[in-house]
S.K.: 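So that we are looking at the same thing, I have put the structure below in C-alpha cells.
In this chain, numbering begins with 1 at the start of the sequence shown. A quick note: this is a predicted structure, and the numbers were derived from the prediction, not measured. Note that ligands are numbered from 1 as they come in the structure, with each ligand's atoms numbered from 1 the same way.
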Amino acid sequence: MRKINIFDTTLRDGEQSAGVNLNLQEKLEIARQLERLRVDIIEAGFPAASKGDFQAVKQIAETVKTCSVTGLSRLVQSDIDTAWEALKGGAEPRLHLFIATSPIHMIHKLRMTPEQVIETAVESVKYAKRYFPIVQWSAEDACRSELPFLAKIITEVIKAGATVINIPDTVGYITPKEYGNIFTFLRNNVPNIEKVSLSAHCHDDLGMAVVNSLAAIEHGATQVEGTINGIGERAGNAALEEIAVALYIRKDYYQAETRLNLQEIKRTSNLVSKLTGMVIPPNKAVVGKNAFAHESGIHQDGVLKEKTTYEIISPELVGVQSNSMVLGKHSGRHALRNRVEELGYTLSDEEINQLFVRFKELADKKKDITDDDLVALIFEEKFDHFKDFYQLSSIQVQYGTNQIPTAVVVLKDGEGNEIQEAATGAGSVEALYNTLERCFKTPVTLLDYRIESVSGGRDALAQVFVKVRVNDIETSGRGTAQDVLEASAKAYINAVNRVFMIETMRMENQKVAMQ
Ligand code: KIV
Ligand code: ZN
C-alpha cells in the first residue's frame, strides 16, 4: 500500500470561504481536532496576511504535536521571515510558497515574464531553505499552465531545494484524465522528481475536485490537499473526508492508504460546520445527514436482511453515533466534566464552572440533556463570548396577529454601560433586529438567517445562524437558546461582535504597518 499524506487547508483555503471569519479560539479547536483526525499536515493560515493570522499560526504550531504545521507565503523575503517566526516553534516546521505559472496569471496578474517567475521562485526557495527543512512550492493555476514551462520551473525549484511540489487546479478547470496526465508528464520530464513529494490541490468549480485528487493519486501524487466538508473559495476545495473514505473503501483499487482516524470524521465535520456556519448538505457524501438513511422500502428491506446490500460505508466507520441521552438535572459537575472530555473538548476550570451554570439552567427546563445539547452549550461558552463587546442582558418581544410586533432590548457594552432601545418591525425577528441595530448605532445588513433545533422534541434548544454585512465586512454569527427569539438575538449580537473584532484587528494591523 502506498502512503498518501493528507494536507488539510481548512484553516487557510477553507477560511477563504465567503463570510467565514474564525477567531483564534475557533481555529485552535479545529487544529486540535485535525490532530485527533490524524491529518499529516495542517495549513494553519497565511502568517504575513495579518497580525491575527500570524498569532493563530504561531499558537497552532506551538500547540499541535503530532502533525506538521505549515503556513502560506508569497515569494517575498519578509513573508518568509514572518512565516518562520510563526512556525519555528512547531514539531515539523514547513513553508508553503506559491507563485502563478499560467500565461493568464503571469501576464495579467503578476505582469512578469516566465523567466522572471522562474528566477523569483528559485531565489525564494533558496531563501526559505535557510530556515525550513521542508519547503513546499506550488505552481498556482498549474492546470492552465504550459506543460514544458511547468516542467522547467519545477526542475529549477527542486534544484533550489524544494521538497514538495504542488500542482493546484486553482480555478477548478481540469478533468480527471487531464490532471492524471499532468502528473505523468512531470514524472517523465522532471529530473529528480522521484526525490520530492508530489501534491494535488483541487478546487470544485466543476464538481470534480475529489475525483481529480483521486486521479492524481493514481498517477503518482503522494499528497492530497483539501478541506473538511470541502469548504473554500467559490465552490470550495476537495473534501478530504471523501478522499480518505474512498481510498479506504476502494483500497482494492487504489492500493493506497492514509493515516487518518476515520472515526473522527463526523466529529471533525460537525465542528467545522458549526464554527464556520457552513451547513452540510443532507445528501453530502460521507458526512451528510442522509448519507446513511435508507428511505425506499426495497432498500430498507435489503439492509434489514443484510447491511451490505445497500450500505458500502458503515456509519460507525466515520464515527456517526445515535444521539445518546447523557445527563439530567441531578448530574453533578464531575459527570459534566467527564462527558465534556469524552466529547473531546478541553475547557478550563472557569469555563467548566460557567458551563455548569448553563447546564443546570437548561436541565431545569429540559428533562434530557443530549450530547448535541451539551455541545451547543460548550460552543456558547467557549467560542461565542466576546468579552470586550456587546452582551445581551434582556429582550422583550410583543407579538399578536393584529398588532405591530415590538421589541425592547437591553445590552451591555464592553465597558459595562447599559444600552436600552425599542423598535417595531413586520415580524418579531425584524422588530428584534431593528432594535439591536439601534443599539449598535451602525447599519447592519442581514444576508442570511437559518434556524434549526439542536435535538428532537418540543423542548429542544434552538440554534440560529446569521450572515451579516457591516460596512465592507461580511461575517456569520450563531446563537443558542431554548427560545427562538433569544437565539435569534444572540446570533445577531455574535455576528456584530465578530465584525467589531475584525475591525479592531484591522486597526491593529494598520498601526503595526505604520510603525
Ligand atoms: O488554489 C490554489 O492555487 C492555492 C494555492 C495558494 C496553493 O490555494
Ligand atoms: Zn486553493
S.K.: Under 4.0 Å from a heavy atom of His201: which atoms of ligand 1 are those, numbered in the order shown and with their elements?
M.R.: 1 (O), 2 (C), 4 (C), 8 (O)

S.K.: Do Thr170 side-chain atoms and Asp141 backbone N/O form a donor-acceptor pair below 3.5 Å?
M.R.: yes

S.K.: Is there a nitrogen or oxygen of Glu140 sitting under 3.5 Å from a nitrogen or oxygen of ligand 1?
M.R.: no

S.K.: Check whether Phe500 forms a cation-pi arrangement with Arg506 (NZ or CZ under 6.0 Å from the six-membered ring centre, at most 45° off the ring normal).
M.R.: no

S.K.: Does a sphere of radius 6.0 Å around OH in Tyr131 hold more than 12 heavy atoms from other residues, nucleotides or ligands, not counting ones at 6.0 Å or beyond?
M.R.: yes

S.K.: Return the closest protein heavy atom for atom 6 (C) of ligand 1 as residue, atom name and distance.
M.R.: Arg12 NH2, 3.7 Å

S.K.: Is the count of non-hydrogen atoms from other residues, nucleotides or ligands lying under 6.0 Å from Tyr248 atom OH greater than 12?
M.R.: no

S.K.: Give the numbers and elements of all ligand 1 atoms closer than 4.0 Å to a heavy atom of His203.
M.R.: 1 (O)

S.K.: Take atom NZ of Lys289 as the centre, draw a 6.0 Å sphere, and report whether it contains more than 12 heavy atoms from other residues, nucleotides or ligands.
M.R.: no

S.K.: Could you tell me whether Lys284 atom NZ has more than 12 heavy atoms of other residues or ligands within 6.0 Å of it?
M.R.: yes

S.K.: Which ligand 1 atoms are under 4.0 Å away from a heavy-atom of Asp13?
M.R.: 8 (O)

S.K.: Is the CD atom of Glu85 crowded by more than 12 outside heavy atoms at less than 6.0 Å?
M.R.: yes

S.K.: So, 4.0 Å and heavy atoms of His96: is ligand 1 close enough to count as a contact?
M.R.: yes

S.K.: Does Glu233 reach ligand 1, in the sense of a heavy atom lying below 4.0 Å from it?
M.R.: no

S.K.: Quick test: of every protein heavy atom, which one is nearest to atom 3 (O) of ligand 1, and how far off is it to 0.1 Å?
M.R.: Thr170 OG1, 2.6 Å

S.K.: Report yes if some N/O of Asp141 lies less than 3.5 Å from some N/O of ligand 1; otherwise report no.
M.R.: no

S.K.: Looking only at N, O or S atoms in Asp13, which is nearest to the Zn ion (ligand 2)?
M.R.: OD2

